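My questions all concern the structure below.
For clarity, every value in this text was computed on a predicted model and none was experimentally measured. Letters go in sequence order (proteins before strands), and every chain restarts at 1.
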Amino acid sequence: MKLYIDVEKKLGEFSLQVKADVSGERTGIFGESGSGKSTLVHLISGLMQPDKGEIVLDETCLFSSRKKINLAPEERRIAIVFQQAMLFPHMSVKKNLFYGYKRCHSENRRIKAETLIDLLKLQPLLQRGVKNLSGGEKQRVALGRAILANPRLLLMDEPLSALDDRLRFQIIPYLRSVSEEFRIPYLFISHSLTEMQLMTDHILAIKNGRCMEETTPEQLARNWMAQSPKGYLNLLRLADPVKQNGLFAYRWGKNTLLVSGGDATGESLFELSSREIILFKKHPEAISARNLLDCTVTEMFESDGRIGIVLSVNGEKLVAEIVRSAAEELHITIHSTLFAAIKASSFRMLA
Amino acid sequence: MKLAPEDIVAIWLSLKVALTATALALPLGFAIAWLIVFKKFRGKVALEVLVNLPLTLPPVVIGFFLLLLLGKNGWIGKLLDSSGIPIIFTWKAAVIASATVGFPLLVRSIRLGMESIDRQLIEASRSLGAHWYDTLLTIILPLSLRGILAGSSLMFARSLGEFGATIIVAGNIPGITQTIPLAIYDYASSPSSNAMALSLCLVSVIISVTVLFLHEVLSRKLDRRSTL
């Protein structure tokens with residue numbers, strides 16, 4: 001997918017001015033509330049008209065003030081998954097799902113409805129009304145409805161922010177697997193660094209209606225480390241733990257991690273804040289933290305006066321965060337060997 | 001309860017006028033409510049004022065304006081007269097009077113129904129490939145049904161009670177343009193006909209209660225359907 005955007009839009013006091021050339025199948029648009037993310041979604045989808053500029057998706061010009069082109073939303077084939085599922089309340093799940101499908105020209109229909117319904121586990125819900133569905137079910141139906149419209153591009157406008165944490169991370173695998181299975185490129189809009197890390201390869205960061213940078217999820221997480229309330233978030237996928245003295249012992253590459261809250265079956269996703277890792281130059285004598293990992297510094301970066309230390313723990317990557325004075329006192333440089341102490345309760349299970 | 005044959009005709013005529021006025025005003029009321037709620041255009045405020053004007057004007061004034069417009073020398077009246085369609089002092093004039101007076105109530109209710117629709121539902125529909133008219137029929141219309149129903153009931157009830165504008169443009173001709181309120185007016189002017197007036201009042205109450213009852217039943221049906 002190639003999306004060229006060069007638009008200007010004034011809305012009262014707020015003005016959006018974005019110029020970007022986005023390519024890739026999994027692109028994120030990152031920004032805080034009020035930064036103009038949703039306005040951008042409206043402009044790309046045709047629900048709002050820019051004051052001037054140009055929007056080109058692949059080879060198709062969607063909008064050009066110069067050439068006086070403005071394709072209607074239904075001609076753009078850009079489906080949206082909103083923050084709230086926005087299911088049509090007077091229709092059943094099945095009718096919601098097929099709303100876009102029925103309006104899609106037969107030559108553009110390449111997605112098999114049965115496959116999608118199976119993938120999203122929607123079969124038992126088909127005949128139900130939409131009002132009594134849970135938040136997660138609603139969002140799965142909304143996703144299915146958008147995909148079945150066979151769009152060229154899927155816009156996901158903060159699709160997880162209305163859900164609680166547990167549901168949020170249960171939906172992410174669906175979002176990813178559906179777009180991968182049916183090869184539909186997407187723009188994922190969010191203000192969550194974790195979601196950006198899990199959902200995107202490439203990010204357009206916007207602030208106050210202006211495009212700030214084009215970056216990667218990793219670089220974005222590093223840039224935001226000092227400002228973010230939780231620092232840099234290490235995301236770890238761990239599976240099949242063994243119970244050990246009331247804790248869960250997970251294999252992590254060649255290492256073992258002791259975690260206080262886990263799930264005995266299957267794979268789980270954990271979040272570990274860079275601020276929860278304590279670094280020692282020498283092996284500490286006796287500590288209460290249940291994880292003491294032998295590691296080597298592979299990279300160092302700075303984020304607003306805080307130092308990010310990228311560690312290799314037997315080949316596995318971990319980012320710790322310390323203040324500059326601590327880095328200087330410990331004489332930490334690249335290739336330094338350190339010990340990282342992490343409490344078993346510092347791991348937060350997301351899904 | 002005692003009803004004269006002309007009273008039966010008046011009841012029938014009242015129902016016919018109210019039903020026709022509501023049915024005729026409904027598509028236009030829906031279209032105007034849609035324009036006001038969803039479209040941005042110049043003169044929107046003027047349109048809103050025009051639509052709501054009959055709410056604030058005395059019905060007799062509305063009747064007089066209609067008489068000027070539809071009378072033999074009025075520009076619509078002249079046109080219709082040359083086509084052989086007489087309006088003034090026919091039941092059709094009563095329909096026009098009722099439709100004009102009840103129209104703001106209809107538009108207001110439909111408008112309230114439309115304003116309660118989440119804009120993102122409409123955006124979702126458009127982004128899923130629906131043209132504006134498709135969205136209008138499949139999303140806006142069904143989700144405004146409660147407003148349409150409330151507006152129609154209100155307008156029907158208002159039409160049943162319409163007096164001032166009707167007497168000016170349709171007159172009070174028994175068996176031809178005399179509706180229930182006009183018949184009651186006739187009876188009330190002679191003290192010996194109080195019983196007859198009371199009978200017609202009772203009929204009015206029965207019709208109004210039936211309309212309100214039907215409105216409630218249909219509203220509940222809509223509620224049940226939307227919570228399935």
Tell me whether the count of non-hydrogen atoms from other residues, nucleotides or ligands lying under 6.0 Å of CZ in B:Phe64 goes above 12. no
Heavy-atom distances under 4.5 Å only: say whether A:Ile78 touches chain B with side chain, backbone, both or neither. backbone
Interchain contact, B:Ile139 with chain A, by part (heavy-atom threshold 4.5 Å): both
Between CD on residue B:Gln120 and CG on residue A:Leu47, distance to nearest 0.5 Å: 9.5 Å
Quick check against the 3.5 Å criterion: does A:His90 have a side-chain atom that pairs as donor or acceptor with the backbone of B:Leu222? no
B:Lys44 atom NZ, over 12 foreign heavy atoms within 6.0 Å: yes
So which atom in B:Leu121 and which in A:Leu87 form the shortest heavy-atom distance, rounded to 0.1 Å? CD2-O, 3.4 Å
Rounded at 0.5 Å granularity, tell me how far NE2 in B:His131 sits from CD in A:Glu75. 6.0 Å
With a 6.0 Å cut-off (strictly less than), is the heavy-atom count around CZ of B:Arg108, excluding the residue itself, greater than 12? no
Might you confirm whether atom OH of A:Tyr174 has over 12 heavy atoms from other residues, nucleotides or ligands at distances under 6.0 Å? yes
Give, as side chain, backbone, both or neither, the part of A:His105 having an atom under 4.5 angstrom from any heavy atom of chain B. neither
Contacting region of A:Phe88 [heavy-atom separation from chain B under 4.5 Å]: both
I'd like to verify something: which residue of A:Met91, A:Met86, A:Lys102 has the highest number of heavy-atom pairs under 4.5 Å with chain B? A:Met86
With a 4.5 angstrom heavy-atom cut-off, could you sort out which part of A:Leu148 is near chain B: side chain, backbone, both or neither? neither
Taking atom NZ of A:Lys52 as the centre, does the number of heavy atoms from other residues, nucleotides or ligands within less than 6.0 Å exceed 12? no
Under a 4.5 Å cut-off applied to non-hydrogen side-chain atoms, are A:Arg103 and B:Leu128 in contact? no
Counting neighbours of CZ on B:Phe213 that are heavy atoms of other residues, nucleotides or ligands and sit closer than 6.0 Å, is the number greater than 12? no
Surrounding CD of A:Glu32 (heavy atoms of other residues, nucleotides or ligands, distance under 6.0 Å), is the total greater than 12? no
Take a 6.0 Å sphere around OH of B:Tyr185 and say whether it holds more than 12 heavy atoms from other residues, nucleotides or ligands. no
Could you tell me which portion of A:Arg145 (side chain, backbone, both or neither) has an atom closer than 4.5 angstrom to a non-hydrogen atom of chain B? both
